[in-house]
Amino acid sequence: MKSLGTMLQSGDWKGEKHVPVIHAPEKVKKGEEFEIKTLVGEEIAHPNTLEHHIAWIKVFYHPEGSKFPIEIGNYDFSAHGESEIYTEPYVSFKFKVDKPGTIHTMSYCNIHGLWENSVELVVED
Ligand SMILES: [Fe+2]
């Protein structure tokens, strides 16, 4: 069997426009709401046309010590120039956690495939 995981690409988002950028606090308080932003193309804009676009971003949280990641959100950017409407691959949401862990994001470019990034989250009592 071939694993989809081996096709996930990554890199430094400042030099590779496809890598989803994650803006999250390094430290949060247990059970306190905070904001996460994830987007594609912060440093180098990615094309956003019908022919070439970011189709979706997914976000997961993997609490330390847990066997599996938890899906936090699935964001589809459905208008890519239809009727001159363009949706930017930009997501902002709030959430809260009890355990430290890792925020994972995955994005999909209809021409250049799957991309991922992650950041660690410290949770204080
Ligand atoms: Fe692309």
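Whatever order the structure lists them in is the order used to number ligands and atoms, beginning at 1.
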Colleague: To the nearest 10°, what's the angle at the Fe ion (ligand 1) between atoms SG (Cys109) and NE2 (His46)?
Modeller: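 Between SG of Cys109 and NE2 of His46, the angle at the Fe ion (ligand 1) is about 100°.
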Colleague: Closest to the Fe ion (ligand 1), which N/O/S atom of His52 is it?
Modeller: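 Distance check against the Fe ion (ligand 1) picks out NE2 in His52.
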Colleague: With rounding to the nearest 0.5 angstrom, report the CZ to OH distance, Phe77 to Tyr90.
Modeller: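 Taking CZ in Phe77 and OH in Tyr90, the distance rounds to 11.0 Å.
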Colleague: What N/O/S atom of His18 gets nearest to the Fe ion (ligand 1)?
Modeller: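 Among the N, O or S atoms of His18, the one closest to the Fe ion (ligand 1) is NE2.
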Colleague: Using 0.5 Å steps for rounding, measure from the CG atom of Leu114 to the OH atom of Tyr108.
Modeller: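 One gets 7.0 Å once the value is rounded to the nearest 0.5 Å.
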Colleague: Looking only at N, O or S atoms, which one in His112 sits nearest to the Fe ion (ligand 1)?
Modeller: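 Output for this pair reads ND1.
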Colleague: Going from CD1 on Ile85 to OG on Ser78, what distance comes out if it is rounded to the nearest 0.5 angstrom?
Modeller: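 One finds 11.5 Å between CD1 of Ile85 and OG of Ser78.
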Colleague: Can you tell me how far the OH atom of Tyr61 sits from the OG1 atom of Thr102, to the nearest 0.5 Å?
Modeller: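 Answer for the OH-OG1 pair, Tyr61 versus Thr102, is 7.0 Å.
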Colleague: Give every residue pair that meets the side chain to side chain donor-acceptor pair (under 3.5 Å) criterion with at least one member in residues 17-31, sequence neighbours excluded.
Modeller: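 Of all non-adjacent pairs touching residues 17-31, those that pass side chain to side chain donor-acceptor pair (under 3.5 Å) are Glu16-His18, His18-His46, His18-His112, His23-Glu42.
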Colleague: Please find out if the Fe ion (ligand 1) and some N, O or S atom of His53 are separated by less than 2.8 Å.
Modeller: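 Checking His53: none of its N, O or S atoms is under 2.8 Å.
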